[in-house]
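Everything on this sheet refers to the single structure shown next.
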Amino acid sequence: MLAIRLVAEPAGFDTLVLPIRPADPQPGGDAPAAGPQQGDEDRSATVAPHRPGLPGELVAEATALVDAAALTGRAGETELFHRPLREPGRLLLVGVGDGAEAGWRSAGAAVARAVARETSVTIALPDGVAPAAVRGLVEGLLLASYRFRMAQHTDDAPTLAEVVVAVGDPAGYADVVETAVTTARMTRFARDLTNTPSSLKSPAWFVDQIVAAAEGVEHLTVRVREPDELAAEGFGGIVAVGGGSAQGPRLVELSWQPPAARTHVVLVGKGITFDTGGISIKPKDALKLMRKDMGGAAAVLAATLGAAALGLPVRITTLAPLAENMVSGSAFRPGDVIRHYGGITSETTNSDAEGRLVLADALAYAVRELSPDYLIDLATLTGANAVALGKRTGALFSENDELAGSVLAAIAEAGEYAWRMPLTPDYVEYLGSELADLHSAPTQGAGSTLAALYLREFTGDLRDRWLHIDMSAPSWAEGDHRELTRGATGWGVRSLLRWLATVD
Ligand code: BES
Ligand code: MN
Ligand code: ZN
């Protein structure tokens with residue numbers, strides 16, 4: 001991962017990056033960090049005021065270039081100027097928009113792409129820039145420069161190795177940079193796990209990655225249940241869904257227990273390492289990307305590792321049921337009745353509705369054994385998420401307005417997207433079964449809501465402390481877009497870390 005180095009003054013650079021912003025901010029946008037300067041009237045964009053360490057003639061030159069290229073300063077706009085035989089040899093102007101964190105995040109992403117083939121660049125920030133701006137910039141740089149590479153796949157193309165950030169007072173930004181770097185590192189870890197092909201990514205392999213990442217961290221422990229333990233303890237959903245695969249299922253329990261914690265949060269993530277749909281097999285186009293069906297587990301585990309790395313003072317127990325949903329002679333059948341942890345039974349009318357079966361066990365276990373203050377699950381649960389909200393927005397469900405509000409606020413600040421959806425009471429009756437307590441895949445109602453209503457049945461007396469996010473849609477990006485890169489997005493890591501930092 002690209003290194004971020006904070007310095008007081010820019011010095012000895014090949015490529016210098018200077019932020020620019022609209023001279024006349026759009027009405028309704030946030031005010032820029034500093035108001036427009038004298039002489040800005042005719043100009044579409046303005047060069048943000050910089051550290052005195054920056055030569056005055058460079059700022060004047062940049063100002064002239066803004067005019068010559070008619071730059072607007074909108075977030076993410078970039079223009080590269082070559083200055084042969086002079087220092088810096090290249091000048092990159094980047095728009096930060098209204099100067100809010102999101103604009104800086106887009107600017108960071110744009111810089112990472114514009115100078116992807118350079119080895120080191122220097123960014124000179126305006127004097128007294130807001131810490132949130134630096135957080136956005138660093139997250140944008142680190143997330144947009146991500147590329148998935150298999151370990152054995154070598155690639156000699158040069159990539160950006162270091163970004164020097166000149167901020168005047170480096171000590172004042174050390175914490176915010178640490179938070180941004182950890183958040184980005186864990187988001188990249190979740191992307192790596194999710195992008196990994198399922199031929200490598202068995203439940204056991206997934207466990208190994210988490211055990212290795214958690215090793216040696218104080219107050220962080222991992223417990224892993226193997227298939228025989230899952231069967232013996234009654235995790236019927238995980239055992240059934242994992243039963244068709246030659247690679248047995250696992251349940252990961254990752255616990256972060258800092259000494260001073262007051263609140264206990266349980267996170268649960270769907271970890272289907274490949275979803276064929278089982279005997280109710282998916283059509284071929286729907287199969288292509290089903291290695292991503294563990295994106296929820298990757299997000300909650302990576303966020304927990306991030307919380308530990310940052311020392312967040314909140315107790316977290318993270319449960320990741322890991323299983324491969326395959327077609328074989330030992331696969332569970334549509335119409336089977338499964339007994340979940342704690343005793344609730346499900347009639348499994350469609351083996352492609354497997355995510356809710358493994359989550360049901362984990363939620364029931366959390367309620368009975370862990371009694372947390374909050375119970376939050378993330379899952380690539382239904383194709384209906386994208387039908388309702390498109391490719392970039394998760395579907396959030398909760399009966400608790402305060403919890404929903406605080407999580408939605410964290411998601412928005414993190415730069416991710418989710419929308420609250422209803423737990424429509426009239427659809428509960430569709431969960432009825434003649435053979436079991438519940439019908440796992442009703443055919444009437446609305447896909448994402450039914451899945452959420454089904455999960456709610458396993459939340460017991462934590463029903464109003466529970467929140468579910470269906471992140472099927474935003475877990476994957478079809479192309480590069482701002483801080484997202486094509487493939488796994490690591491959706492949820494940034495949002496969870498923001499939210500966990502507010503819990504006390
Ligand atoms: N993993 C899928 C959901 C999914 C679909 C995620 C597309 C990402 C992209 C899930 O296990 C599934 O198959 N859900 C079914 C539920 C149905 C059988 C009730 C669906 O959405 O069709
Ligand atoms: Mn499925
Ligand atoms: Zn699935």
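Here the structure is a predicted model, which means the values were calculated and not measured. Atoms within each ligand, like the ligands themselves, are counted from 1 in listed order. Only this structure's heavy atoms are used, side chains among them; waters, hydrogens and symmetry mates stay out.
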Under 4.0 Å to a heavy atom of [X] - the qualifying atoms of ligand 1, by number:
X	answer
Leu381	3 (C), 10 (C), 12 (C), 14 (N)
Thr382	3 (C), 21 (O)
Thr380	1 (N), 2 (C), 3 (C), 6 (C)
Gly383	3 (C), 4 (C), 5 (C), 20 (C), 21 (O)
Lys282	2 (C), 12 (C), 13 (O)
Arg356	16 (C), 19 (C)

N, O or S atom of Asp293 closer to the Mn ion (ligand 2) than 2.8 Å =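 Not a single backbone or side-chain N, O or S atom of Asp293 is under 2.8 Å from the Mn ion (ligand 2).
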Distance from [atom] to nearest protein heavy atom, with residue and atom:
atom	value
atom 9 (C) of ligand 1	Met290 CE, 3.5 Å
atom 2 (C) of ligand 1	Asp275 OD2, 3.6 Å
atom 12 (C) of ligand 1	Asp352 O, 3.2 Å
atom 18 (C) of ligand 1	Asn350 ND2, 3.3 Å

Is the Lys NZ or Arg CZ of Arg392 less than 6.0 Å from the centre of Tyr417's six-membered ring, within 45° of the axis?
->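 Negative - Arg392 is either too far from the ring of Tyr417 or too far off its axis.
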Under the 6.0 Å and 45° cation-pi test, does Arg420 pair with Phe397?
->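 So Arg420 doesn't make the cation-pi contact.
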Metal check, the Zn ion (ligand 3) vs Gly355 N/O/S, cut-off below 2.8 Å |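 Here the distance criterion (N, O or S atom, under 2.8 Å) is not met by Gly355, so no.
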Output yes if Asp352 passes the N/O/S-under-2.8 Å test against the Zn ion (ligand 3); output no otherwise.
->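 No N, O or S atom of Asp352 is closer than 2.8 Å to the Zn ion (ligand 3), so no.
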Would you indicate whether the side-chain heavy atoms of Leu431 and Leu453 approach each other to under 4.5 Å?
->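 In contact.
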Taking C-beta and beyond as the side chain, do Val138 and Val163 meet within less than 4.5 Å on heavy atoms?
->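 Result no, sub-4.5 Å side-chain heavy-atom pair not found.
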What are the two closest heavy atoms between Gly447 and Ala384, and how far apart are they?
->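 Closest pair (atom of Gly447, atom of Ala384, distance): CA-CB, 3.9 Å.
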With the Mn ion (ligand 2) as the reference point, give the N/O/S atom of Asp275 that is nearest.
->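 Restricting Asp275 to its N, O and S atoms, the minimum distance to the Mn ion (ligand 2) goes to OD2.
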Go through Trp466 and Asn400 one step at a time and tell me if the side-chain hydrogen bond (donor to acceptor under 3.5 Å, both in side chains) criterion holds.
-> CA-CA 8 Å; Trp466 163 74; Asn400 184 323; over 6 Å; no
Any ion pair linking [Y] and [X] (charged N to carboxylate O, less than 4.0 Å)?
X	Y	answer
Glu483	Arg494	yes
Glu478	Arg486	no
Glu354	Lys270	yes
Lys201	Glu324	no

With ring centroids as reference points, do His439 and Tyr430 lie under 6.0 angstrom apart?
->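 Not close enough - the centres of the two rings lie 6.0 Å or further apart.
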Hey, do the aromatic rings of Trp499 and Tyr374 have their centres closer than 6.0 Å?
->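 Distance test on ring centres: under 6.0 Å, yes.
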Minimum-distance N/O/S atom that [X] presents toward the Zn ion (ligand 3):
X	result
Asp275	OD2
Asp293	OD2
Glu354	OE2

Decide whether an N or O pair under 3.5 Å exists between [X] and ligand 1.
X	answer
Lys292	no
Glu354	yes
Lys270	yes
Ser472	no

To the nearest 10°, how many degrees is the angle Glu354 OE1 to the Mn ion (ligand 2) to Asp352 OD1?
->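 Approximately 120° at the metal, rounded to tens of degrees.
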For the pair Tyr365 and Phe235, name the ring-plane relationship: parallel under 30°, tilted 30 to 60°, perpendicular over 60°.
->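 Correct class here is tilted.
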Quick one: pull up CG in Leu438 and OG in Ser346 and give me the separation to the nearest 0.5 Å.
->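 Result: 5.0 Å between the selected atoms.
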Given the protein's heavy atoms, is any one of them under 4.0 Å from atom 14 (N) of ligand 1?
->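 When distances to the protein are checked, atom 14 (N) of ligand 1 has a heavy atom within 4.0 Å.
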